[in-house]
J.: 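What follows is a single structure, and I will ask about it in a moment.
Remember, it's a predicted structure, so these values are computed and weren't measured experimentally. Values below: every heavy atom of this structure, side chains too, minus hydrogens, waters and symmetry copies.
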Amino acid sequence: MSNLPEQNIIAEFSVKQFAKRSLLLLLSLLVKLIAQIAVIYIYSRQLSIIDYGNYQSVWLYTNVISVIGLFGLPSLLLSVPLQSIKHWIINNRNRFVAAIVLLNIIPFIYLLFLSNQFSHIERWLLIGLIIVQNFSIITETIVIKKEKEKLVLLTNIIFNIGYLGWHIFILQHTYSLQLLLIGLAVLFIVKTLILLAGYSRKKISIKDDKTIPVTSQWFFLGINDVLGIIFKWVDKWIILLLISVTRFALYFNGSYEIPVFALMLGAVGNIMLVEMAKTGTEDTKKIKALFNSSSLLLAAITFPSFCFLLFYHTEFFTFIFSNKYADAIPVFLVSIFIIPVRITNYTALLQSQHKNNIIVKGSILDLTVALVLMCVLYPLFKLPGLALAFVLSTYTQAFYYLWETAKILRQKITDFFPLLKLISIMVASVLITAIAYVLLKQLHVWWYAIGGVVVTIKLIILLLYYYIKKERQP
């Protein structure tokens, strides 16, 4: 390998090694997605709208409070050498403990005394669930940092089998939110123990730099994560607080971003972050190779999937949520337009080079644009207007991060993407899906939808084959 030209070394890494590690994380997250969709499919049909709304609000509180409590710590673990973080914690033990306690106790107090949705016991159980979930997230992040993706895959398979099984067990017996929360907490504990059992002290080649300003970087990453979760849930939170649980359930389903795309982006983004943390801005070829590889890998999946949902959005939505939530279909149609932008981690270089103040500015821009557009678009388009505001603000944020990244590397934004290949993938996906839709439309509604799924899967396999085989060539 050492005798190969630099360009060939980069090509070998950016496709073979990058794809292998990314696909392992993608598989682990696919298992999680299958379990989540199965639960949504079953619970949206079997529970009343009020019970289903309360169930989904559990994840609203869990996700928001978890992000606040962790305050960017997982991102810090990925982008800063673990030894540097360890040194910082030892030298700032009191401040670290005080920060963790303060970040968690405020949302816990809110949950205990201001939330009227849950019983007193359910609130305490929810707090316990959040705590054990946070430990699980930190442990899994460290394992990913140690490049043990196979362990992450195995652990997620075990966890999500239990996750789905426990949901079904609770539903088949007398439905109890309390028992559900207890079982989920136990599953997170088991997941953490498995990860710890397989934990390795393997050292990776990241320079331990004690000069890294850990305090400021953690602060900016935490602010960014909090702004991100506010952005994700602000519209749903407003509806939950100001309207009814019934309307919340309807809008939640309509604006529900299919998690597979965010999960895939998170998996690939984590690998990008770990790899970029090993290098500096002087290795421009490797950085551009990472952006190119991630965009082609994810576009091979997201572009055909987006086209399928564009043509079959009604069939897909009613299959997952049933006709009971049909009023939310226009919101869902608008929301899927966020999918094409999910093809790379736009903040990877900024985070690895500790430019987290820029990331925070992007989050503020994202939230500000969304709120402004909500005020403009809601009077015009009602609930779909809210979804459109978030789609447009996301594209704005992505462009801002690319612009800042290009400035750091003194490159053009277009240098980070194989534009012709990406355009070709999108055009081919639209044409093939449209032709299949027209030809299959004559069949029974579910038969032509199944035909569309088959065509989409074959197209994804073909594009992934091209990515793995063709792009490996120097």
J.: Counting only heavy atoms not in K32, do more than 12 fall under 6.0 Å of its NZ?
T.: no

J.: Do other residues, nucleotides or ligands put more than 12 heavy atoms under 6.0 Å from the OH atom of Y395?
T.: yes

J.: With distance as the sole test, does T368 use its side chain to make a donor-acceptor pair with the main-chain N or O of I364 at under 3.5 Å?
T.: yes

J.: First locate atom NZ of K148, then atom CG of L153, and finally report the distance between them rounded to the nearest 0.5 Å.
T.: 13.0 Å

J.: With a cut-off of 6.0 Å (strictly less than), are more than 12 heavy atoms of other residues, nucleotides or ligands near CG of L420?
T.: no

J.: Just wondering, do L73 and T141 contact through their side chains at under 4.5 Å, heavy atoms?
T.: no

J.: Under 4.0 Å between a Lys/Arg side-chain N and an Asp/Glu carboxylate O for K191 and E140?
T.: yes

J.: For residues 158-171, tabulate all N or O donor-acceptor pairs below 3.5 Å that involve a side-chain atom, not counting sequence neighbours.
T.:
from, atom 1, to, atom 2, distance (Å)
N160, ND2, N156, O, 2.7
W166, NE1, L179, O, 3.2
W166, NE1, L180, O, 3.3
H167, ND1, Y163, O, 2.8
H167, NE2, Y55, OH, 2.8

J.: Kindly indicate whether the side chain of S28, heavy atoms from C-beta on, has any atom under 4.5 Å from the side chain of E149.
T.: no

J.: Looking only at the side chains, is there a donor atom on one of E315 and Y448 sitting less than 3.5 Å from an acceptor on the other?
T.: yes

J.: Would you name the heavy atoms of P304 and L459 that are closest together and state the gap between them?
T.: CB-CD2, 3.8 Å

J.: Within a strict 4.5 Å, meaning less than it, do heavy atoms of the T433 and V455 side chains meet?
T.: no

J.: Have S393 and D366 got a donor and an acceptor in their side chains that come within less than 3.5 Å?
T.: yes

J.: Could you tell me which non-hydrogen atom of I343 sits nearest to which non-hydrogen atom of P340, and how far apart they are?
T.: CG2-O, 3.5 Å

J.: So how far is it from I425 CD1 to C307 SG, rounded to the nearest 0.5 Å?
T.: 11.0 Å

J.: Just verifying a value: how many Å separate I138 CD1 and L76 CG, rounded to the nearest 0.5 Å?
T.: 11.0 Å

J.: Between V58 and N54, is the side chain to side chain contact (heavy atoms under 4.5 Å, CB included) condition met? List the steps.
T.: CA-CA 6 Å; V58 164; N54 284 329; over 6 Å; no

J.: Taking all heavy atoms of L181 and all of L129, pick out the closest pair and write down the distance.
T.: CD2-CD2, 3.8 Å

J.: To the nearest 0.5 angstrom, please state how far the CG atom of L196 sits from the CG atom of L151.
T.: 9.5 Å

J.: Measuring only between side-chain heavy atoms, which start at C-beta, is V64 closer than 4.5 Å to V67?
T.: no

J.: Looking only at atom types and distance, does a side-chain atom of S66 sit under 3.5 Å from a main-chain N or O of N63, one as donor and one as acceptor?
T.: no

J.: Would you tell me whether T347 and N345 have side-chain atoms, one donor and one acceptor, within less than 3.5 Å of each other?
T.: yes

J.: Is there side-chain contact between K458 and L463, with heavy atoms separated by less than 4.5 Å?
T.: no

J.: A398 and V341: which non-hydrogen atoms are nearest, and at how many Å?
T.: CB-CG2, 3.9 Å

J.: Spell out, as yes or no, whether a donor-acceptor pair under 3.5 Å connects the side chain of Y437 to the backbone of G452.
T.: no

J.: Of all heavy-atom pairs between F188 and Q133, which one has the smallest distance, and what is that distance?
T.: CZ-OE1, 3.5 Å

J.: Please walk me through it: do E404 and K355 pass side chain to side chain contact (heavy atoms under 4.5 Å, CB included)?
T.: CA-CA 10 Å; E404 290 289 351; K355 303 292 184 180; over 6 Å; no

J.: Is it possible for you to check whether R45 lies under 6.0 Å from the centre of the six-membered ring of Y43, through NZ or CZ, and within 45° of that ring's axis?
T.: no

J.: List the steps and the verdict of side chain to side chain contact (heavy atoms under 4.5 Å, CB included) for T318 and I329.
T.: CA-CA 8 Å; T318 54; I329 291 177; 4.0 Å; yes

J.: So, for L464 and A300, which heavy atoms are closest and what is the spacing to 0.1 Å?
T.: CD2-CB, 3.9 Å

J.: Could you go through F417 and L422, starting from their C-alpha distance and side-chain angles, then the distance that decides it, and tell me whether this counts as side chain to side chain contact (heavy atoms under 4.5 Å, CB included)?
T.: CA-CA 8 Å; F417 301 98; L422 292 175; 3.9 Å; yes

J.: Given the side-chain rings of Y346 and Y400, with only the six-membered ring counted for Trp, is the space between their centroids under 6.0 Å?
T.: no

J.: For the pair S294 (side chain) and F291 (backbone), establish whether a donor and an acceptor sit closer than 3.5 Å, ignoring hydrogens and angles.
T.: yes

J.: Does a side-chain heavy-atom distance below 4.5 Å link V360 with N356?
T.: no

J.: Side chains of I223 and F71, heavy atoms from C-beta outward: is any pair under 4.5 Å?
T.: yes

J.: Measure the OG-CZ distance between S424 and F303 for me, rounded to the nearest 0.5 Å.
T.: 10.5 Å

J.: Could you give the distance from CD1 (I413) to NZ (K407), rounded to the nearest 0.5 Å?
T.: 10.5 Å

J.: May I ask you to decide if the ring planes of F337 and F306 are parallel, tilted or perpendicular, using 30° and 60° as cut-offs?
T.: perpendicular

J.: With a 4.5 Å cut-off on side-chain heavy atoms, are T344 and F416 touching?
T.: no

J.: Under 6.0 Å between the ring centres of F316 and Y312?
T.: no

